[in-house]
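What follows is a short report on a single structure.
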Amino acid sequence: MKNLRVRFAPSPTGYLHVGSARTFIFNWLYARHNHGTMVLRLDDTDVERNTEASVQSIFAGLHWLGFDWDEEYRQSERLALHRDAAETIFAKGLAYRDFTPAHSGDDETSSAQGAWLSNPGMRELSREESDRRAAEGEPFALRCRVPRGEDRTLRFVDGVYGAQSKLADEVEDFALLRSDGMPTYHLASCVDDADLRISHIIRGQDHLTNTFKHLLIFEALGVDPPQFAHLPLLVAPDGAKLSKRKHGPVVSVTTYRDAGFLPQAFVNFLCLLGWSPKNDRDFLSLNEIRDLFTLEGVNRANAVVNFTESASSPSEFGPFDPKAVWLNAEHIRALPIEELSRQLEPFFEEAGFHPSPEKLLAVTPLIRERIKLLREAVSAADFFFVSELAPYDPAELIPQKGDAEMARRVLQTAEQVLAKTPFDHDSLDKALREAAASLGLKAGPMFQPIRVAVCGRKNAPPLFETMVVLGRELCLARIRQAIARIASLG
RNA sequence: GGCGCUAUCGUCUAGGGGUUAGGACGUGAGAUUCUCAAUCUUAAAACCCGGGUUCGAUUCCCGGUAGCGCUACCA
């Protein structure tokens, strides 16, 4: 589709939120699916709350996810445009000055009965008096003069929610300009959408009812409104909208990155929240999603991000939605070893290990199926990179139905075998199994003491591959230490 | 309070006037295995309630209920 233009318009008041990220993704998918243009616009008109750090964090989050965009704007650099538009609307008589002081806080005066529509007297102020008071320097907000008593119905067809309508008489005279002269979100957003020729506005459902106001602004501007499509919201298990205050770091994209999510897995997860390919598939690449994506596939009910609330029930894989974790494990297994190895590297560095690329590449296949988050690789494979094993309980060396003496015999036999067996998988396999047979042991009781001696723990990757990577000398040294530890057991 | 939106297993969802209401995650059981994983098999688990329309509604309509959103000179 030519001239298809969408935009993602975050206000930089904090880190990149998972809900915002999903909104970006859906816009991006729609643009790329239809060969349109993706615009990134920073809606930074709220000078009090906007920070440059937040802008950077949004960029960082989007880049980590692997996305790009075609054009970039900042609303704060377009103020003149917004003010001109406000002036034009005022000149047309479609807006009026409201000299009522801004009411602070959350007083309940308006919510008691019915809806507030406008401040008394202000809408009816004569042009002369309005001009006079403005000239005297009295501060005012500029409000939209919403059609009254015309029995007018505002309508639009939403790309997701279908035909929508609302009586203009039920829309309040919302502000266009604040008393400090700054445009409100509604004005700035619509003016920019019009100026940037945005053809489709895809945003959160929290804007669904705001759209009627926006229709009025586009009309006042004398332009055709774009198409609208609203996305169901992402909510917490308690049903509330995701918020940093209430739900903590699980709503920040960086939390997923730092915990070891693969961007493609996280994107996959987010896309499945409120959208379905309708083909019973859930493990999808970005390209597949892009090809399959349509607004018709978006559903209308809010989706719960099923993270674990607070620290009340700490889960093995953190607070994350189990499906996100599972998808991440799937994507990890789908990655070529070289690529996975590269992805793992920073996590080892951060943990203070400095593995050589070759060593890491050798270890990666051994842990690939044992981790669900990249970060887990460190604890799953640390014993490959330390010269000295962390202290472990010598009792672990003793197999289920065995005793210290049996463990000692196993280890001594292993030491002899390992000293003279070629250090490759098949040779070790054969030699160790034969040794087990000669001791009258099954594989289990034979391998556990060796595994614990070599890895320092019971649960580890397969023994032979592990020993090959570790090398003969290190294995022998650790087995000797283990024998000593058993002796100390008494 | 007003207005709007929504409602299928615990969660994400498919489906749709007549179905054994499907899939996935998670959970239980089993198989496999040198441990842990992975893998395979398998089990339990849902159409919010009430009225219509209809031969027949989970599906269509209306009402209720619940949840969410908006109701700011936040976005």
Side-chain angles (χ1 to χ4, degrees), chain A residues 9-13 43-46 48-50 98 100-106 108 110-117 139-143 158 160-161 164-167 170-172 174-186 188-189 203-213 230 232-233 235 237 239-241 269 272-283 299-307 321-327 329 333 367-372 380 399 429 432-433 436 442-448 450-452 455 457-464:
Chain A
S11 59
T13 56
D43 279 8
D44 55 352
T45 54
D46 186 356
E48 296 294 308
R49 294 166 56 205
N50 296 154
D98 182 349
T100 313
H103 72 274
S104 59
D106 35 17
E108 305 302 321
S110 61
S111 57
Q113 260 97 30
W116 172 90
L117 289 177
F140 62 86
L142 191 72
R143 288 188 182 280
D158 190 88
V160 170
Y161 289 90
Q164 303 292 316
S165 63
K166 185 171 184 170
L167 253 22
E170 284 166 351
V171 177
E172 74 279 7
F174 57 94
L176 262 17
L177 243 34
R178 301 193 263 249
S179 49
D180 61 2
M182 290 294 284
T184 61
Y185 158 76
H186 300 298
S189 178
R203 71 223 309 190
Q205 192 240 46
D206 46 349
H207 285 300
L208 190 63
T209 43
N210 282 336
T211 304
F212 297 106
K213 297 170 193 167
H230 290 85
L233 263 21
V235 299
K241 200 165 126 177
F269 170 67
L272 260 16
L273 256 21
W275 173 80
S276 164
K278 302 191 189 296
N279 59 184
D280 277 355
R281 290 192 55 204
D282 39 26
F283 175 79
N299 47 314
R300 291 171 293 277
N302 290 170
V304 174
V305 181
N306 199 17
F307 55 76
D321 188 316
K323 185 134 187 183
V325 174
W326 173 79
L327 274 170
R333 284 179 228 128
I367 57 173
R368 170 153 76 159
E369 285 172 359
R370 295 175 170 73
I371 58 173
K372 292 185 189 305
D429 187 329
L432 253 13
R433 281 182 201 280
K442 301 227 277 204
M446 177 71 189
F447 296 158
Q448 182 184 327
I450 306 177
R451 173 177 300 106
V452 174
C455 305
R457 68 180 67 143
K458 281 189 197 167
N459 298 343
L463 229 206
F464 313 128

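For clarity, every value in this text was computed on a predicted model and none was experimentally measured. The chains referred to below are lettered A, B, ... by the order of the sequence lines, with proteins before strands, and numbering in each begins at 1.
- The phosphate of rC74(B) has OP1 or OP2 within less than 4.0 Å of a side-chain N or O from Arg178(A).
- If you check every strand for non-hydrogen atoms under 4.0 Å, Arg49(A) touches a base.
- When rounded to the nearest whole Å, the span between NZ of Lys213(A) and P of rA75(B) equals 12 Å.
- Between rC47(B) and rA7(B), the distance separating the two P atoms is 16 Å to the nearest Å.
- The CG-C1' distance, from Asp44(A) to rC74(B), rounds to 14 Å in whole Å.
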Determine, step by step, whether Glu172(A) and Lys213(A) satisfy the salt bridge (Lys or Arg N to Asp or Glu O under 4.0 Å) criterion, reporting the C-alpha distance in whole Å, the side-chain angles of both residues, the deciding distance to 0.1 Å, and the verdict. CA-CA 9 Å; Glu172(A) 74 279 7; Lys213(A) 297 170 193 167; 2.9 Å; yes
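- Between rU59(B) and rU8(B), the two C1' atoms lie 11 Å apart (nearest whole Å).
- In this structure, CG of Asn299(A) is placed 15 Å from C1' of rG23(B), rounded to the nearest angstrom.
- In this structure, Leu117(A) atom CG and rG2(B) atom P are separated by 14 Å, rounded to whole Å.
- Using a 30° and 60° split on the angle between ring planes, Phe447(A) and Phe464(A) fall in the perpendicular class, above 60°.
- Using atom P as the reference point in both rA44(B) and rG23(B), the two lie 12 Å apart (nearest Å).
- Here the separation of rC62(B) from rC12(B), taken at their P atoms, is 26 Å to the nearest Å.
- Between Phe307(A) atom CZ and rG26(B) atom P there is a gap of 19 Å when expressed in whole angstrom units.
- Side-chain atoms of Lys278(A) lie closest to rA14(B) of the nucleotides rA75(B), rC73(B), rA14(B).
- Two residues, Leu208(A) and Arg143(A), neighbour RNA chain B, and the one matched to the more 5' nucleotide by heavy-atom proximity is Leu208(A).
- Rounded to whole angstrom, the span from the CZ atom of Phe269(A) across to the P atom of rA24(B) amounts to 18 Å.
- Contact annotation for Gly204(A): no contact, since no heavy-atom pair falls under 4.0 Å across all strands.
- Atom C1' of rU41(B) sits at a distance of 11 Å from the matching atom of rU32(B), rounded to the whole Å.
- Side-chain N/O atoms of Lys323(A) and base N/O atoms of rA24(B) include a donor-acceptor pair closer than 3.5 Å.
- Atom P of rU19(B) sits at a distance of 45 Å from the matching atom of rC36(B), rounded to the whole Å.
- Side-chain atoms of Asp44(A) do not come within 3.5 Å of backbone N or O of Pro12(A) as any donor-acceptor pair.
- Atom name P, nucleotides rC70(B) and rC48(B): the rounded distance is 26 Å, in whole Å.
- With rounding to whole Å, Glu172(A) atom CD is found 14 Å from rC3(B) atom P.
- As rounded to whole Å, 22 Å separates atom P of rU11(B) from atom CH2 of Trp275(A).
- Contact annotation for Pro232(A): no contact, since no heavy-atom pair falls under 4.0 Å across all strands.
- Counting non-hydrogen atoms under 4.0 angstrom, His230(A) reaches nothing in the nucleic acid.
- Here the separation of rG15(B) from rC9(B), taken at their C1' atoms, is 15 Å to the nearest Å.
- Side-chain atoms of Ser179(A) and base atoms of rC73(B) include a donor and an acceptor less than 3.5 Å apart.
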B/S/- contact track for nucleotides 29-45 of chain B, protein heavy atom under 4.0 Å: -----BBBBSS------
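- Nucleic acid contact class of Thr100(A) (heavy atoms, under 4.0 Å, all strands): base.
- Looking at heavy-atom distances under 4.0 Å, Lys442(A) makes no contact with the nucleic acid at all.
- Backbone-only contact: Asp206(A) has heavy atoms under 4.0 Å from sugar-phosphate atoms and none from a base.
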